[in-house]
Amino acid sequence: MRRSAPRRRVARRAAGAALAAGLVATSVAVGAGTAVADSGTAPNRGGATATIGGLKTYGGAVVHAETGDLEVSAGLFEMSVEGGGTLQTYCVDLHNPTQTDARYYETPWSGTSLGANEDAGRIRWILQHSYPQVNDLAALARKAGIRGGLTEQDAAAGTQVAIWRYSDGADVDAVDAEAEQLADYLEENARGVAEPKASLTLDPPAVSGRPGERLGPVTVRTDADTVTVIPPTNAVTSGVRIVDADGEPVTSAANGDRLFFDVPEDAADGTAELTLNATTTVPVGRAFASESRSQTQILAGSSESTVSVTATATWASTGAIPAVSARKNCAEGGLDVTASNVGDEDFTFELMGIEHSIAAGDTRTVTVPLREDQPYDLTITSPTGFEKRFTGVLDCKTQGIDTGITTQTVTEPTPTVSTPSDDLNLAATGSSNVTPLIAGTAIGLVVIGGAALLLVRRRNTP
């Protein structure tokens with residue numbers, strides 16, 4: 001007989017309400033400024049990039065929903081890291097689908113549903129104290145009070161079930177008794193643990209200045225022993241070098257090192273990009289999100305993997321000299337666009353129908369409001385040549401949008417799954433022979449225009 005769900009878990013049970021989706025395409029016109037070209041295609045990223053393969057080790061689970069009991073697969077995914085390496089992950093997004101071969105990026109918790117989840121730290125505790133971090137299954141079984149022992153499938157299923165109870169507020173149980181006992185043990189003993197640091201980042205991701213100056217510093221943050229510094233691709237033509245605080249060229253760096261773009265005094269107005277590569281073990285508990293609305297994952301284990309990050313520099317002799325970056329902000333439901341200006345003229349631009357002007361020496365962050373599962377394509381441009389583009393999808397909630405996929409209840413003899421119109425594949429919650437549970441996502445063409453900004457913050461440039 002199934003144990004009664006703890007009162008806390010029942011109280012936070014997912015309501016399952018459908019969410020609206022939209023599409024935004026925004027051009028941001030920049031006023032009088034500098035003849036500088038700079039381009040990007042996504043919000044600031046740093047760390048590992050990987051492609052999801054599928055469930056590797058899993059068992060069965062039952063989700064108790066208002067529409068009935070639904071049997072799903074629960075366990076570990078495997079991802080292949082670009083440049084080399086393998087990741088093992090659990091799902092923290094039960095009701096959204098996965099897409100086969102979806103590309104994932106190492107992401108701060110703030111860019112996912114974990115950012116607004118007060119139990120996110122408990123999920124990391126579970127990861128640290130269960131399979132595969134604890135690979136002595138006999139010892140894990142003893143801690144959980146399991147007499148019959150644990151298989152890898154039971155350990156993976158029990159761990160995933162415990163995570164879903166915190167990530168999605170789901171009323172879910174493992175099918176096998178041993179897996180269910182492990183899930184209960186992990187849920188009841190979980191404690192809050194801090195978010196792990198990124199495997200590799202640069203702070204800030206964008207800098208600006210005048211020719212003849214050292215632009216920066218850009219500080220390296222990493223858990224790798226050493227990082228390879230790759231000079232800008234246009235270094236030969238522009239003469240830009242990557243140097244340390246003493247002006248000495250650098251080809252490698254370590255955690256805490258400060259790097260600068262050394263721009264020649266006679267350099268024409270332009271931009272340069274710095275890339276860092278390293279090999280390291282990605283910290284357990286790092287989130288991985290996809291720009292294709294494939295369900296969010298959390299890292300359970302990592303081999304030695306390739307990680308990378310980039311930073312950009314913009315320079316001009318006169319006028320406004322902007323540096324622009326962006327980051328998802330799930331707590332505010334939007335995209336934080338940060339623009340700074342180290343020039344001698346105001347940097348003026350229009351965003352979502354509202355004009356902003358950044359004085360010389362100032363920095364401003366504007367949160368562009370977006371709807372859940374909404375693709376965005378935001379470009380800051382000027383007739384003089386400056387351009388910065390950010391694209392992606394806002395995926396901050398764990399409840400997807402109904403695509404008409406039929407899920408099978410436990411009592412049905414055979415699976416009954418209809419193919420969604422947008423060709424989404426079955427999720428982690430259903431990429432195996434175990435019956436899937438999917439409340440997938442569908443994109444509506446709803447254009448956001450003239451919306452009020454959620455948040456505008458000012459701060460002085462460091």
Provide the closest heavy-atom pair for [X] versus [Y] in the form atom of the first, atom of the second, distance.
X    : Y    : answer
S305 : G85  : OG-CA, 3.6 Å
V307 : A48  : CG1-N, 3.7 Å
P196 : P283 : CB-CB, 3.8 Å
L87  : S302 : CD2-OG, 3.5 Å
A144 : L182 : CB-CD1, 4.2 Å
C91  : S167 : O-OG, 4.4 Å

Take F288 and E106, measure what side-chain contact (heavy atoms from CB on, under 4.5 Å) needs, and give me the verdict at the end. CA-CA 5 Å; F288 279 79; E106 186 178 340; 3.9 Å; yes

Test item: [X] and [Y] side chains (from C-beta on) under 4.5 Å apart, heavy atoms:
X    : Y    : answer
K143 : H129 : no
V218 : F260 : no
R389 : D377 : yes
V324 : V337 : yes
L259 : L276 : yes
P375 : V393 : yes
T363 : I358 : no
I123 : I298 : yes

Would you check if the side chain of [X] reaches a backbone N or O of [Y] as a donor-acceptor pair within less than 3.5 Å?
X    : Y    : result
N255 : T222 : yes
D93  : T296 : yes
Y376 : F390 : no
R103 : T49  : no
S130 : I126 : no
Q99  : S292 : yes
E180 : A174 : yes
R327 : G111 : no
D168 : L94  : yes
Q133 : A300 : yes

Apply side chain to side chain donor-acceptor pair (under 3.5 Å) to T310 and list each qualifying residue two or more places apart in sequence or on a separate chain.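 Applying side chain to side chain donor-acceptor pair (under 3.5 Å) to T310 gives none.
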
Counterpart residues, side chain to side chain donor-acceptor pair (under 3.5 Å), relative to E304 (two or more places apart):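 E304: side chain to side chain donor-acceptor pair (under 3.5 Å) contacts with T281.
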
Positive for side-chain contact (heavy atoms from CB on, under 4.5 Å) with R221, one of D257, V309, T201, L202: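 The single option meeting the side-chain contact (heavy atoms from CB on, under 4.5 Å) with R221 is T201.
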
Please evaluate residues D395 and T112 with respect to the criterion side-chain contact (heavy atoms from CB on, under 4.5 Å), reporting the C-alpha separation (whole Å), side-chain torsions for both, the decisive distance (0.1 Å), and the verdict. CA-CA 6 Å; D395 184 6; T112 71; over 6 Å; no

Salt bridge between K328 and E291, side-chain N to carboxylate O under 4.0 Å?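 Judged by the 4.0 Å cut-off on N to carboxylate O distance, K328 and E291 do form a salt bridge.
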
Mind checking the [atom1]-[atom2] spacing from [X] to [Y]? Nearest 0.5 Å is all I need.
X    : Y    : atom1 : atom2 : answer
E178 : L140 : CD    : CG    : 12.5 Å
L137 : T151 : CG    : OG1   : 7.5 Å
N189 : W125 : CG    : CH2   : 5.0 Å
R122 : E187 : CZ    : CD    : 9.5 Å
C396 : E332 : SG    : CD    : 11.0 Å
N96  : S294 : CG    : OG    : 9.0 Å

Take R286 and E195 through the test side-chain contact (heavy atoms from CB on, under 4.5 Å) and record every step on the way to the result. CA-CA 8 Å; R286 290 296 290 171; E195 176 181 3; 3.7 Å; yes

Partner of T280 under side-chain hydrogen bond (donor to acceptor under 3.5 Å, both in side chains), chosen from T226, D225, D223, T306: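 Only one option passes, and that is D223.
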
Check whether the side chains of D336 and T365 place a donor and an acceptor atom closer than 3.5 Å, and report yes or no.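 Distance-only check fails for D336 and T365.
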
Hey, which of D173, D171, D119 is the one that makes salt bridge (Lys or Arg N to Asp or Glu O under 4.0 Å) with R165?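 So the option named by the test is D173.
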
List in chain and number order the residues that pass ring-ring contact (aromatic ring centres under 6.0 Å, His included) with W109, two or more places apart in sequence or in another chain; answer none if no residue qualifies.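 For W109, no residue satisfies ring-ring contact (aromatic ring centres under 6.0 Å, His included) once neighbours in sequence are set aside.
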
Taking it one step at a time, do V161 and L186 satisfy side-chain contact (heavy atoms from CB on, under 4.5 Å)? CA-CA 9 Å; V161 165; L186 294 172; over 6 Å; no

